[in-house]
Every structure is written in C-alpha cells, then in structure tokens.
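Working notes for the structure below.
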Amino acid sequence: GEDVEQSLFLSVREGDSSVINCTYTDSSSTYLYWYKQEPGAGLQLLTYIFSNMDMKQDQRLTVLLNKKDKHLSLRIADTQTGDSAIYFCAESIGSNYKLTFGKGTLLTVNP
Amino acid sequence: DSGVTQTPKHLITATGQRVTLRCSPRSGDLSVYWYQQSLDQGLQFLIQYYNGEERAKGNILERFSAQQFPDLHSELNLSSLELGDSALYFCASSVGGGPRQDTYEQYFGPGTRLTVT
C-alpha cells in the first residue's frame with residue numbers, strides 16, 4: 001500500500017547542509033517529489049526524480065534515491081534562513097497521477 | 001507564483017452550509033487536482049479532472065463534488081459542512097495527466113482556507 005514517512009523536525013545552523021529523509025512503501029512508485037511550503041503559502045515544487053534514477057542535482061539541491069531501501073533524501077547545501085519551511089516528500093505510482101504525501105518535515109534554520 | 005489561482009483565499013461559514021471553491025489552472029494545463037490539508041489527516045488527494053472529465057478519485061466525501069468547465073477552470077463544491085471540514089483546500093494543475101503517460105509535475109495554487117464554525 002501507499003505510505004510515505006518523514007521525520008517531523010530538523011534544525012540546522014545557517015551555512016550548514018540540511019538532509020531531509022523520507023521513506024515510502026510502494027515499490028511501484030514512479031516519481032518521487034519534494035515540495036516546500038512556507039507559512040501561509042501553497043506548495044512549491046522543488047524537484048522530482050524518476051524511480052530509475054539514483055541521484056538528481058539542481059543547484060543547491062541534491063536528491064538521492066535508494067530504491068532497494070525505499071529511501072529518498074533531499075540535501076540542501078549552504079542552508080539559508082529563507083530555507084526555513086515545511087518540506088514534503090510525495091510519490092506517484094504508475095499512471096495514477098495523484099500524489100501521496102508524507103506529513104512534512106519542519107526545517108528550522110538558525111542564524 | 002505558480003500560475004495557479006484559487007478563490008476565495010479565506011472562507012468562514014457555518015455548519016450545514018454549502019460553499020464553492022474555484023481554481024484556474026496554469027495556462028495550457030489540462031489537468032486539475034484537488035487536495036485537502038488538515039492537521040490530523042495531512043495532505044490528501046481528493047479528485048482529478050483532465051480536460052473536463054473526471055480522471056481519478058481519492059478520499060473525497062459524498063458531500064463533496066467537483067467539476068471542470070470547458071475553459072478548464074474547476075470548482076469544488078462542499079455541502080452539509082461539518083466542523084471537521086475546516087482545512088486548507090489546494091488546487092494543482094499539470095500539462096498532462098490523461099490516458100497517455102506524460103508530464104508528472106503538479107503546480108499548486110495558494111489554497112483556500114475554509115473555516116466551519
């Protein structure tokens with residue numbers, strides 16, 4: 001079945017790297033996504049990875065996918081206070097376009 | 001700005017009432033998705049329309065219905081409202097989402113915050 005799990009909180013110092021982790025249970029996940037939600041705002045698509053890829057890099061963001069362990073991570077290099085937000089991991093399965101989300105990880109960046 | 005617009009931004013209504021939430025997708029997008037975000041349930045998929053037709057259904061209550069119009073905007077109708085329906089309702093859109101497997105990126109609007117008192 002579908003289930004996406006994330007740790008709820010992460011606190012880092014400005015300038016450090018942040019790593020947000022996610023596990024999913026459905027091995028037929030096709031795409032895995034990272035969204036960012038700032039207070040009072042909608043969800044911003046940060047990046048996504050196809051399930052046959054291991055890694056995707058986009059500027060300060062690096063996504064790693066371990067399909068064997070069903071583990072996805074988002075690394076944010078040189079984390080800034082503007083990166084403080086809730087980060088959601090999500091999956092879509094096959095030709096089903098609906099997104100199944102984790103509960104979100106609240107990232108707090110301390111100056 | 002994702003290009004997806006939702007109105008109204010906030011809605012306060014009483015139990016038993018009916019409301020309509022509106023969404024305009026990004027220009028060129030054929031699919032519209034509705035999601036509900038609440039503290040206890042998190043983000044849950046409700047329903048998807050593709051080019052005017054219902055494409056997928058999630059955990060949508062029978063009291064809720066949606067449609068997508070020829071100009072591709074969508075409305076989510078919530079009736080016989082209960083306190084537990086208080087939530088943020090998001091609309092998302094994507095270019096594809098139809099029978100042919102294609103683009104998988106969904107772009108979200110700013111949401112409508114519904115408060116039922």
Side-chain angles (χ1 to χ4, degrees), chain A residues 1-9 20 22-26 28-53 56 58 61 63 65 72 74 85-106, chain B residues 1-7 9-10 21 23 25-26 29-51 53-60 88-113:
Chain A
E2 308 158 356
D3 200 12
V4 179
E5 302 276 345
Q6 299 178 242
S7 51
L8 293 181
F9 304 98
I20 303 171
C22 168
T23 57
Y24 58 97
T25 54
D26 200 311
S28 53
S29 292
T30 308
Y31 282 89
L32 294 135
Y33 304 80
W34 286 103
Y35 280 87
K36 175 184 180 183
Q37 186 178 29
E38 295 180 82
L43 284 90
Q44 176 193 351
L45 176 62
L46 291 176
T47 187
Y48 63 97
I49 189 167
F50 187 45
S51 57
N52 69 354
M53 295 169 66
K56 182 176 180 182
D58 185 0
L61 305 179
V63 178
L65 176 60
L72 181 75
L74 174 70
I86 300 176
Y87 290 79
F88 290 94
C89 171
E91 65 175 357
S92 65
I93 298 166
S95 60
N96 188 338
Y97 293 92
K98 73 166 192 175
L99 297 180
T100 300
F101 285 88
K103 296 282 190 205
T105 299
L106 175 61
Chain B
D1 184 357
S2 67
V4 179
T5 60
Q6 290 187 248
T7 56
K9 199 171 170 61
H10 300 278
L21 313 183
C23 168
R26 295 184 319 156
D29 284 2
L30 296 178
S31 275
V32 168
Y33 311 77
W34 287 98
Y35 293 85
Q36 179 195 59
Q37 185 179 34
S38 62
L39 277 173
D40 52 344
Q41 299 286 330
L43 266 160
Q44 296 226 321
F45 168 75
L46 296 178
I47 197 163
Q48 177 205 354
Y49 278 82
Y50 173 77
N51 205 19
E53 301 283 327
E54 184 185 301
R55 174 94 177 118
K57 218 166 186 174
N59 301 322
I60 188 165
L88 255 175
Y89 290 85
F90 286 111
C91 167
S93 73
S94 67
V95 171
R100 183 175 64 89
Q101 290 191 31
D102 44 27
T103 181
Y104 287 83
E105 299 143 61
Q106 290 183 30
Y107 294 90
F108 281 72
T112 293
R113 182 171 293 282

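Every chain is numbered from 1, with letters handed out A, B, ... down the list of sequences. Quantities reported herein were computed from a predicted structural model and do not represent experimental measurements.
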Is it the backbone or the side chain of A:Y35 that comes under 4.5 Å from a heavy atom of chain B, or both, or neither?
->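 A:Y35 touches chain B through side-chain heavy atoms alone.
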Closest heavy-atom contact between A:L43 and B:F108?
->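 Residues A:L43 and B:F108, closest heavy atoms: O-CB, 3.4 Å.
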Provide the closest heavy-atom pair for B:Y35 versus A:Y97 in the form atom of the first, atom of the second, distance.
->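 Looks like OH-O, 4.5 Å.
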Output the distance between atom CG (B:D1) and atom CD (A:Q44), rounded to the nearest 0.5 Å.
->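 The CD atom of A:Q44 is 11.0 Å from CG of B:D1, to the nearest 0.5 Å.
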Rounded distance [0.5 Å steps], CD in B:E105 versus CG in A:L45 |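 Going from the CD atom of B:E105 to the CG atom of A:L45 covers 6.5 Å.
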Segment of B:N59 engaging chain A (4.5 angstrom heavy-atom cut-off) =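 Looking at B:N59, nothing touches chain A.
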By side-chain hydrogen bond (donor to acceptor under 3.5 Å, both in side chains), which residues pair with A:W34, not counting sequence neighbours?
->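 A:W34 satisfies side-chain hydrogen bond (donor to acceptor under 3.5 Å, both in side chains) with no residue once adjacent residues are dropped.
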side-chain hydrogen bond (donor to acceptor under 3.5 Å, both in side chains) partners for A:T23, two or more places apart =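 Per chain and number, A:T23 pairs via side-chain hydrogen bond (donor to acceptor under 3.5 Å, both in side chains) with no residue.
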What option among B:L88, B:L43, B:L46 has the most heavy-atom pairs under 4.5 Å with chain A?
->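 The residue among B:L88, B:L43, B:L46 with the greatest pair count is B:L43.
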When heavy-atom pairs shorter than 4.5 Å are enumerated against chain A, which of B:R113, B:Q37, B:K9 gives the highest number?
->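 Top count of heavy-atom pairs under 4.5 Å with chain A: B:Q37.
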